[in-house]
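Structure first, then comments.
In what follows, chains carry the letters A, B, and so on, assigned in the order in which the sequence lines appear, proteins first and then strands, with residues in each chain numbered from 1.
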Amino acid sequence: MIKTAHIGVGISGQEGIQAVLASDYSFSQFKFLQRLLLVHGRWSYLRMCKFLCYFFYKNFAFTMVHFWFGFFCGFSAQTVYDQYFITLYNIVYTSLPVLAMGVFDQDVTEQRSMEYPKLYEPGQLNLLFNKREFFICIAQGIYTSVLLFFIPYGVFADAAQLADYQSFAVTVATSLVIVVSVQIGLDTGFWTAINHFFIWGSLAVYFAILFAMHSDGLFQMFPNQFRFVGNAQNTLAQPTVWLTITLTTVVCIMPVVAFRFLKLDLKPELSDTVRYTQLVRKKQRAQHRCMRRVGRAGSRRSGYAFSHQEGFGELIMSGKNMRLSSLALSSFAARSSSSWIETLRKKKGGDSNASSPSGGADKPLKG
Amino acid sequence: MAVNYNAKEEADGHTSGVGVAGGGAAGGAGKSRKPDNTAFKQQRLPAWQPILTAGTVLPAFFIIGLIFIPIGIGIFVTSNNIREYEIDYTGTDSSSPCNKCLNVSWNSTPPCTCTINFTLDQPFETNVFMYYGLSNFYQNHRRYVKSRDDSQLNGDNSSLLNPSKECEPYRTSENKPIAPCGAIANSMFNDTLELFHIDNETRIPITLNKKGIAWWTDKNVKFRNPFGTTNNLTALFQGTTKPVNWPKPVYMLDSEQDNNGFINEDFIVWMRTAALPTFRKLYRLIERKNNLQPTLQAGKYSLDITYNYPVYSFDGRKRMILSTISWMGGKNPFLGIAYITVGSICFFLGVVLLVIHHKYGNRNNSADIPN
């Protein structure tokens with residue numbers, strides 16, 4: 001059974017280690033299965049899907065520029081970029097940030113992952129990476145490639161200042177690296193110090209290598225290999241080039257931000273809501289630590305504790321969150337205590353007594 | 001349910017945990033296989049978790065809109081203030097003075113000349129740049145772009161006499177190596193353009209400066225004449241022959257020695273291949289004489305062309321362009337219009353998102369977090 005399953009888990013114990021040898025994962029106690037699934041399995045699925053989507057996106061953005069350039073170079077397969085940029089793009093300039101995202105990314109903390117097992121559902125329903133998501137990634141890559149080529153084309157068409165091929169190559173390459181770096185910044189939901197180092201470091205390394213390869217020294221040594229001598233200094237000193245790069249970045253990234261914001265605003269997933277609540281609670285805890293709790297009649301902590309942690313008690317008792325949308329509420333309804341919901345309804349109805357759940361007034365909640 | 005489950009498992013876990021620990025301890029002092037309880041290995045690293053809330057996204061859209069629109073207007077106004085005048089002198093039109101030169105070949109003697117008269121309505125105040133423009137000329141074709149030998153152009157003597165294979169078929173001619181080899185050098189633009197100001201029937205020639213049109217790094221680092229002790233370029237280029245379609249060899253491009261040979265600026269400008277099939281390259285500079293007079297006054301002008309470069313066979317076009325420049329280069333309304341458009345779209349999108357968020361947004365995710 002372990003061998004035929006998608007993931008085989010073995011328990012190592014006093015009965016022997018035969019299961020362990022046949023399994024993908026093994027541990028010593030059955031209770032660890034909960035963490036394996038709800039925390040590590042879920043995170044692994046999330047990381048893998050984000051990684052895949054980003055990988056397809058950045059390579060499509062990189063490669064499709066040559067397709068558009070083909071229309072303007074007689075379909076002769078002339079590359080838009082410098083040969084060394086093509087070699088180093090996937091190895092040096094864009095590999096580490098996505099690796100860091102694939103290793104460290106978390107959408108919610110492990111405590112929340114265990115608290116809300118319903119967060120495991122996207123993995124079971126194959127929601128984060130399916131045909132639709134794949135085509136969205138591809139479409140985003142193609143859209144980015146169109147802008148990456150045609151905005152510099154519009155700027156440099158029949159221009160005299162920077163109309164040469166090498167300046168065009170440097171402009172498009174720099175725009176590409178900056179756009180995909182901003183995109184990985186948007187995709188990374190959990191910025192550890194390592195993520196910061198990799199993302200900013202990759203950008204810095206790109207510029208360092210760019211200036212090194214376009215320097216005089218390397219050209220003197222290998223004239224036929226490093227033909228782009230003097231380019232970085234001349235091209236990147238022009239304000240037009242930086243205006244072009246900024247424009248390309250904004251036009252590529254703004255639709256992504258708009259779509260993601262709309263999705264978060266109108267149809268948040270459970271993980272989005274839990275993340276948001278985490279953030280709110282952290283802010284509240286920070287603010288409560290500053291505030292002096294003087295003369296507060298009666299404890300804020302309600303009589304009903306519905307988890308071993310604080311739960312939503314403080315948030316709801318503050319009375320500011322009463323207009324919970326029915327959407328968020330229904331997703332929380334999958335969780336445990338009905339007493340929480342009943343007390344919520346009673347609070348709305350003006351009843352301050354925490355009476356027994358079954359007798360609660362059934363006033364409809366405003367969405 | 002999850003809570004209850006957790007509690008039960010905790011209780012069970014404790015008992016079984018004790019059992020296992022006892023068993024482990026009884027088993028002897030073996031190395032613990034438990035992973036380190038560090039923040040890195042337990043994935044508890046401190047991290048920043050950004051969330052796209054309305055409080056961050058909407059102001060960002062508005063700010064970008066408000067920044068881009070003035071920038072776009074500034075760029076557009078700057079571009080509009082640039083003066084530009086363009087003449088197509090290919091001669092395809094039968095009424096054009098250069099129509100007779102349409103089917104000239106590269107080595108026709110005597111060279112075909114034509115004159116085009118034009119009028120400038122407005123004076124050109126600052127330094128004027130004279131460009132030649134070509135259309136339908138694919139300097140970005142792959143076989144064309146790689147047809148050069150940069151070490152030969154850098155003055156390497158071994159490459160001078162033994163050019164790279166990339167230059168084929170323009171590598172040798174009459175059993176001698178070609179200097180400079182390659183298709184790019186071979187197709188160098190060799191029309192001569194001269195400008196005259198017509199002032200009461202007298203033609204006043206306008207001084208055209210041919211220095212300073214190439215990049216400094218090109219002229220001083222990338223392109224070097226072959227190394228030798230003598231100053232005589234003819235001797236330095238001994239053993240090589242001129243490119244097939246050139247009228248004169250490379251060491252006779254100019255009488256001045258610092259603009260002759262490989263470091264001739266017209267040659268350097270041509271070797272810097274263009275990115276797109278319609279391009280313009282800097283030909284000459286017209287410098288402003290003093291601050292009182294404009295560089296080119298309004299009035300009648302005459303352009304004398306020595307038409308050596310045939311383009312009609314591949315449906316190409318040749319133009320002469322006179323233009324002033326600004327901090328952003330030549331006249332290009334695209335960037336200004338693009339910035340204004342993108343700024344307006346961002347602003348409009350911000351407004352739309354604000355409306356959608358206000359009406360339909362999930363109240364929980366509103367920007368005003370309760371205190």
Measuring only between side-chain heavy atoms, which start at C-beta, is [X] closer than 4.5 Å to [Y]?
X	Y	result
A:Gln278	B:Gln49	yes
B:His141	A:Gln78	no
B:Trp215	A:Asp164	yes
B:Ile64	A:Met254	yes

Please classify the contact between [X] and chain B as side chain, backbone, both or neither, with a heavy-atom cut-off of under 4.5 Å.
X	value
A:Val251	side chain
A:Phe222	neither
A:Leu243	both
A:Phe168	side chain
A:Ser167	side chain
A:Phe32	neither
A:His40	side chain
A:Leu262	side chain
A:Gln225	neither

- request: Could you check A:Phe261 against B:Phe61 for ring pair (Phe, Tyr, Trp, His ring centres under 6.0 Å), going step by step and ending with a plain yes or no?
  value: CA-CA 12 Å; A:Phe261 171 70; B:Phe61 273 91; 8.0 Å; no

task: Please work out whether the ring planes of A:Trp191 and B:Trp48 are parallel, tilted or perpendicular, with thresholds of 30° and 60°.
output: tilted

Who wins among [options] for the most heavy-atom pairs under 4.5 Å with chain B?
options	answer
A:Val39, A:Asp107, A:Asn231	A:Asn231
A:Asn195, A:Val155, A:Val80, A:Ile151	A:Val155
A:Gly189, A:Gly13, A:Ala193	A:Gly189
A:Phe72, A:Phe69, A:Phe104	A:Phe72
A:Ser76, A:Pro223, A:Gly74	A:Ser76

Contact class of [X] relative to chain A, heavy atoms under 4.5 angstrom:
X	value
B:Leu153	neither
B:Ile71	side chain
B:Ile75	side chain
B:Arg224	neither
B:Val145	both

May I ask you to check whether over 12 heavy atoms, not counting those of [X], lie within 6.0 Å of atom [atom1]?
X	atom1	value
B:Phe227	CZ	no
B:Phe40	CZ	no
B:Arg143	CZ	no

Looking only at non-hydrogen atoms, find the nearest pair between [X] and [Y] and report the distance.
X	Y	value
B:Leu276	A:Ala157	CD1-CA, 3.9 Å
B:Leu45	A:Phe190	O-CZ, 3.7 Å
B:Asn154	A:Gln220	ND2-OE1, 3.7 Å
B:Phe334	A:Gly154	CD2-C, 3.5 Å
A:Phe219	B:Val221	CE2-O, 3.6 Å
B:Ala338	A:Leu247	CB-CD2, 3.6 Å

message: Looking at A:Arg227, is its backbone amide N or carbonyl O close enough to the side chain of B:Asp150 to form a donor-acceptor pair, meaning the two atoms are under 3.5 Å apart?
response: no

Top residue by heavy-atom pair count (under 4.5 Å) with chain A, among [options]?
options	value
B:Gly133, B:Gly329, B:Ser135, B:Pro50	B:Pro50
B:Arg148, B:Gln139, B:Arg142	B:Arg142
B:Thr273, B:Val352, B:Asp156	B:Thr273
B:Met328, B:Lys222, B:Lys146	B:Lys222
B:Pro277, B:Cys346, B:Ala275	B:Ala275

Could you measure the distance from the [atom1] atom of [X] to the [atom2] atom of [Y]? Nearest 0.5 Å is fine.
X	Y	atom1	atom2	answer
A:Tyr276	B:Ile51	OH	CD1	8.0 Å
B:Thr53	A:Leu264	OG1	CG	9.0 Å
A:Leu186	B:Leu52	CG	CG	6.5 Å

Between B:Phe279 and A:Tyr165, ring centroids under 6.0 Å: no

- request: Carefully, step by step, assess B:Thr217 and A:Asp216 under the rule side chain to side chain donor-acceptor pair (under 3.5 Å).
  value: CA-CA 8 Å; B:Thr217 43; A:Asp216 302 347; over 6 Å; no

task: Determine, step by step, whether A:Gln166 and B:Arg272 satisfy the side chain to side chain contact (heavy atoms under 4.5 Å, CB included) criterion, reporting the C-alpha distance in whole Å, the side-chain angles of both residues, the deciding distance to 0.1 Å, and the verdict.
output: CA-CA 8 Å; A:Gln166 293 181 343; B:Arg272 182 155 279 283; 3.1 Å; yes

